[in-house]
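Both counts, for ligands and for their atoms, begin at 1 and track the order of listing.
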Amino acid sequence: MKNKIAIMGAMPEEIAPILQRLGSYTTIEYANNKYYEANYNGVDLVIAYSKIGKVFSALTAATMIEHFGAQKLLFSGVAGAISDQLKVGDLIVATKLAQHDLDISAFGHPYGYVPEGSVYVQADTTMIQLANEVASEMGKTLQEGVIATGDQFVANEERKNWIGSTFAADALEMEGASVAVVCDALKVPFFILRAISDAADMDASFSFDEFLETSALESAEFVMKMVDKIVD
Ligand code: ADE
């Protein structure tokens, strides 16, 4: 049996290029959101944007798996760079993800940790390997790194540097780690790809507004190439 694949983003701009590429799809309203289903070269896809943040993205990921039956999940979107090696438009794939705003350090626990959880969730290595093959076929540079997630648009050098040093993180965004927690718990292999839209500094909101669409497209095109490979 071929896999049913979920493709998700957080914002409309992050999935628009994917829906455009598919051309025709069915729209299903469920749990206060819209889900789009399509058959793509013989494989069933379910596509959605969750809305911004950890709660909405966890809800959408869980719905795609539990209600729509997705057996793999690919996330496409934009991120703020922490690493100096990442510039606007560059692609980063998460090797592991952490929640930078999860904090019970008052009880002596590390940042990002709660009892019976773990600071990091590891992404699927097979899909990362596939991504490296796609990158070399496309002649694109793909960086691997740690992604830190929190319910906060970071536009502050100090906060960004704290996240970078506390979690050894290369990029930050607002959904990856929550999607990772859901997929890990439900044993669904997942892949989190981001194209850089800003540097999470004082100019971040302007840079984000300027580059959201082009960076989201960059990420979406890569994810569709991944789907092509998986479907093959
Ligand atoms: N996604 C893209 N840029 C971001 C930022 N600076 N903070 C949080 N999420 C982001």
Side-chain angles (χ1 to χ4, degrees), residues 7-18 48-61 73-103 111-112 119-121 123 140-182 190-223:
I7 307 174
M8 76 174 278
M11 301 173 70
E13 291 85 350
E14 291 172 328
I15 65 155
I18 292 159
Y49 73 88
S50 58
K51 298 185 281 291
I52 294 165
K54 295 196 298 181
V55 173
F56 284 129
S57 57
L59 171 63
T60 296
L73 187 148
L74 285 77
F75 190 104
S76 180
V78 301
I82 299 175
S83 162
D84 291 340
Q85 303 301 306
L86 288 167
K87 305 293 178 209
V88 167
D90 287 353
L91 292 166
I92 174 167
V93 55
T95 51
K96 57 182 185 175
L97 303 101
Q99 298 179 62
H100 67 70
D101 58 351
L102 184 57
D103 179 2
Y111 292 108
V119 175
Y120 296 102
V121 180
K140 284 197 183 280
T141 305
L142 175 67
Q143 299 194 41
E144 292 183 13
V146 177
I147 291 184
T149 301
D151 283 326
Q152 186 176 61
F153 184 84
V154 178
N156 176 305
E157 201 91 34
E158 207 179 312
R159 177 73 188 163
K160 157 178 134 165
N161 291 337
W162 181 85
I163 294 167
S165 59
T166 306
F167 297 95
D170 301 291
L172 56 85
E173 35 83 310
M174 302 178 71
E175 298 83 18
S178 39
V179 169
V181 167
V182 168
F190 67 94
F191 175 77
I192 311 281
L193 183 77
R194 298 281 186 169
I196 299 303
S197 56
D198 59 86
D201 55 10
M202 61 185 284
D203 299 322
S205 61
F206 306 103
S207 180
F208 180 90
D209 282 344
E210 189 175 350
F211 297 111
L212 167 62
E213 229 168 288
T214 48
S215 292
L217 176 63
E218 194 69 38
S219 176
E221 281 178 345
F222 193 96
V223 156

With heavy atoms of [X] as the reference, note each atom of ligand 1 found under 4.0 Å away.
X: S197; result: 2 (C), 3 (N)
X: Q152; result: 7 (N), 8 (C)
X: A79; result: 1 (N), 2 (C), 3 (N)

Tell me which protein heavy atom sits closest to [atom], plus the residue, atom name and distance to 0.1 Å.
atom: atom 3 (N) of ligand 1; result: D198 OD2, 2.6 Å
atom: atom 4 (C) of ligand 1; result: F153 CE1, 3.4 Å
atom: atom 7 (N) of ligand 1; result: V154 N, 2.9 Å

Got [X] and [Y] here, is their nearest side-chain heavy-atom distance under 4.5 Å?
X: F191; Y: V93; answer: yes
X: I15; Y: I7; answer: no
X: F75; Y: F190; answer: no
X: D90; Y: T141; answer: no
X: M11; Y: K51; answer: no

Does an N or O anywhere in G80 fall below 3.5 Å from an N or O of ligand 1? yes

Under 3.5 Å: N/O of A200 near N/O of ligand 1: no

Does the side chain of T149 come under 3.5 Å of the side chain of E173 through a donor N or O and an acceptor N or O? yes

